[in-house]
2 protein chains.
Amino acid sequence: MLMTQYAKMILELINQSGGHLTAEQLFLELKKKAPKVVQATVYNNLNTLCQEGLIRKMSIEGSPDRYDKIQKHDHLVCYRCGSISDRTFDDLTSALEKQLGKKIISYDLKVCYLCPKCREKDKGGII
Amino acid sequence: MLMTQYAKMILELINQSGGHLTAEQLFLELKKKAPKVVQATVYNNLNTLCQEGLIRKMSIEGSPDRYDKIQKHDHLVCYRCGSISDRTFDDLTSALEKQLGKKIISYDLKVCYLCPKCREKDKGGII
DNA sequence: TTTATAATTAGAATAATTCTAAAAAGGAAG
DNA sequence: CTTCCTTTTTAGAATTATTCTAATTATAAA
C-alpha cells in the first residue's frame, strides 16, 4: 500500500508543521489523533516515507534525527537556543558542481546564527 | 587542567586522522594506547574539547555524532556508501550574511554525491 | 470467504549518551 | 614530603533513540 493511514497522517503532520520534527515529537502529535499508535509504527513509516522520497531526514549534532519537508530549503540554527528555522538562500548547485567537477545529488546548508529572540534577550544584559 | 592526558590524546587522534570520527571509533583507537580508558572518559573529554572550541561536533542523519578538526572545511558525503571526505568550497560567509542581513557565526555545508569508488563500481553494471 | 500480503503492535534488544558516586590523580600550601 | 582541595577518571546504572522479532490485525485480491 503506497499510502497507509499512518503514513498519510505523518506526512501531513510534517508538511503542515514547521518541519524539523523528531520521531518522538511526531509520535506525540500523532497520538492526539490516533491514541493507539506506537513508536515503532512512527519509525517504520518515517523510514518508508524517506525511502519514497516524500520527506527527508536531517540531523543536528546532539539531538535525535529530525524529519522535514522535501521542498528544497536551507536552515538557520540558533547557536544559543538551538531553534531551527527555514530560510532559502541562493541555490548553490551549479556553483558547487563547477568547483567539484562532478554532478551532485543535493546539498545541505545549515547556518549558525543568533536568532531574533535570543538577540533580544542579550540586549540590556550585563555581559 | 586545561589539557589532561586523555584530552591531549583525543585531540591528537582527531587532528591526525581524516576526521569525522564517532565517539566509539575514538574510544577504540584510544584504547590501543591506553587500554584502561573507558567510554565515559571519551565522552567527557569530547564535550570539553568542543566547549573549548578545539574540535567540532558534526552529524550525519542515521549515525551517531562525529567529531572533527576545527579548521573550516566542507564535507562530501557519498549517497551510496556514506563515506565522508573533506573538500573546501569557496567561502560563503559574506554571501550568506548579505542575504540574511545579519551576522552569522558559521555555516555547515554537506554536499551529497557519488564518490569515485562507488562511481567505479557502477560502471559496467547492468543498471 | 479464503488467502496472501502488508501494516501495526507489543515488547525485547541494541546503540548512543549521560549521570552518579566513588576512586584516583594533580597540584598548591604549609 | 604530607595534607588538603580540586579535577579527572572509573564503573556501572540510567536514559534516550532506534531497530528488531514475532504475533496480530487490516487490506485487498481471487
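All chains are named by letter (A, B, ...) in the order of the sequence lines, taking the proteins before the strands, and each is independently numbered beginning at 1.
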K.L.:
Without decimals, in angstroms, what is the distance between B:L46 CG and C:dA16 P?
P.N.:
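For the pair B:L46 CG and C:dA16 P, the rounded distance is 14 Å.
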
K.L.:
Run the salt-bridge test on A:E24 and A:R66 with the 4.0 Å N-O cut-off and return the result as yes or no.
P.N.:
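So A:E24 does not pair with A:R66 through a salt bridge.
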
K.L.:
Less than 4.5 Å apart, side chain to side chain, heavy atoms only: is that true for A:L114 and B:I105?
P.N.:
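No; the side chains remain at least 4.5 Å from each other.
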
K.L.:
Rounded to whole Å, how long is the line connecting atom CD1 of B:I60 with atom C1' of C:dA16?
P.N.:
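Spelled out: CD1 on B:I60 to C1' on C:dA16 is 17 Å.
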
K.L.:
Please evaluate residues A:H20 and A:D86 with respect to the criterion side-chain hydrogen bond (donor to acceptor under 3.5 Å, both in side chains), reporting the C-alpha separation (whole Å), side-chain torsions for both, the decisive distance (0.1 Å), and the verdict.
P.N.:
CA-CA 9 Å; A:H20 331 120; A:D86 288 354; 2.6 Å; yes

K.L.:
Rounded to the nearest angstrom, tell me the gap between atom CE in A:M3 and atom C1' in D:dT27.
P.N.:
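A:M3 atom CE is separated from D:dT27 atom C1' by 16 Å.
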
K.L.:
Do the non-hydrogen side-chain atoms of B:V111 and B:L109 ever get within less than 4.5 Å of each other?
P.N.:
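Heavy-atom side-chain distance check passes, below 4.5 Å.
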
K.L.:
Round to the nearest Å and state the distance from A:K33 atom NZ to C:dT8 atom P.
P.N.:
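Checked: the NZ to P distance equals 16 Å.
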
K.L.:
With heavy-atom distances below 4.5 Å as the criterion, would you say the side chains of A:D68 and A:I55 are in contact?
P.N.:
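Not in contact.
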
K.L.:
For B:Q25 and C:dT17, what is the distance between atoms CD and P respectively, to the nearest whole Å?
P.N.:
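Spelled out: CD on B:Q25 to P on C:dT17 is 11 Å.
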
K.L.:
Between A:K103 and A:E97 (salt bridge meaning N to carboxylate O under 4.0 Å), is one present in this structure?
P.N.:
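Looking at A:E97 together with A:K103, the answer is yes, because their closest N to O distance falls below 4.0 Å.
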
K.L.:
Taking atom NZ of A:K117 as the centre, report whether more than 12 heavy atoms of other residues, nucleotides or ligands fall under 6.0 Å from it.
P.N.:
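No, because the 6.0 Å sphere around NZ of A:K117 holds 12 heavy atoms or fewer from other groups.
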
K.L.:
Which ones in residues 63-70 of chain A lie close to DNA chain D, meaning a heavy atom under 4.0 Å from one of its atoms?
P.N.:
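Those residues are A:P64, A:D65.
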
K.L.:
To the nearest Å, how far apart are A:K8 NZ and D:dT27 P?
P.N.:
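A:K8 atom NZ is separated from D:dT27 atom P by 11 Å.
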
K.L.:
State which of C:dT18, C:dT17, D:dT18 makes the closest approach to the side chain of B:N47.
P.N.:
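For B:N47, the side-chain atoms sit closest to C:dT18.
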
K.L.:
Take a 6.0 Å sphere around NZ of B:K72 and say whether it holds more than 12 heavy atoms from other residues, nucleotides or ligands.
P.N.:
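Result for NZ/B:K72: enclosed.
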
K.L.:
Within the structure shown, what part of the strands sits under 4.0 Å from B:Q39 by heavy-atom distance: base, sugar-phosphate, or nothing?
P.N.:
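Base contact.
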
K.L.:
Report yes or no: do A:H75 and A:D108 form a side-chain donor-acceptor pair below 3.5 Å?
P.N.:
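No donor-acceptor contact under 3.5 Å links the two side chains.
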
K.L.:
Sugar-phosphate atoms are those with a prime plus P, OP1 and OP2; base atoms are the rest. Using that split, label each nucleotide of nucleotides 8-13 of chain D B, S or - for protein heavy atoms under 4.0 Å, 5' to 3'.
P.N.:
SBBSB-

K.L.:
Starting at atom CG of A:L49, determine the distance to atom P of C:dA6, rounded to an integer number of angstrom.
P.N.:
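Roughly 17 Å, once rounded to whole Å.
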
K.L.:
For C:dT17, take OP1 and OP2 only and decide whether either is under 4.0 Å from a side-chain N or O of B:Y43.
P.N.:
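Looking at the OP1 and OP2 atoms of C:dT17, one of them is under 4.0 Å from a side-chain N or O of B:Y43.
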
K.L.:
Distance check needed: D:dT18 C1' versus A:E24 CD, whole Å only.
P.N.:
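Value for this atom pair: 11 Å.
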
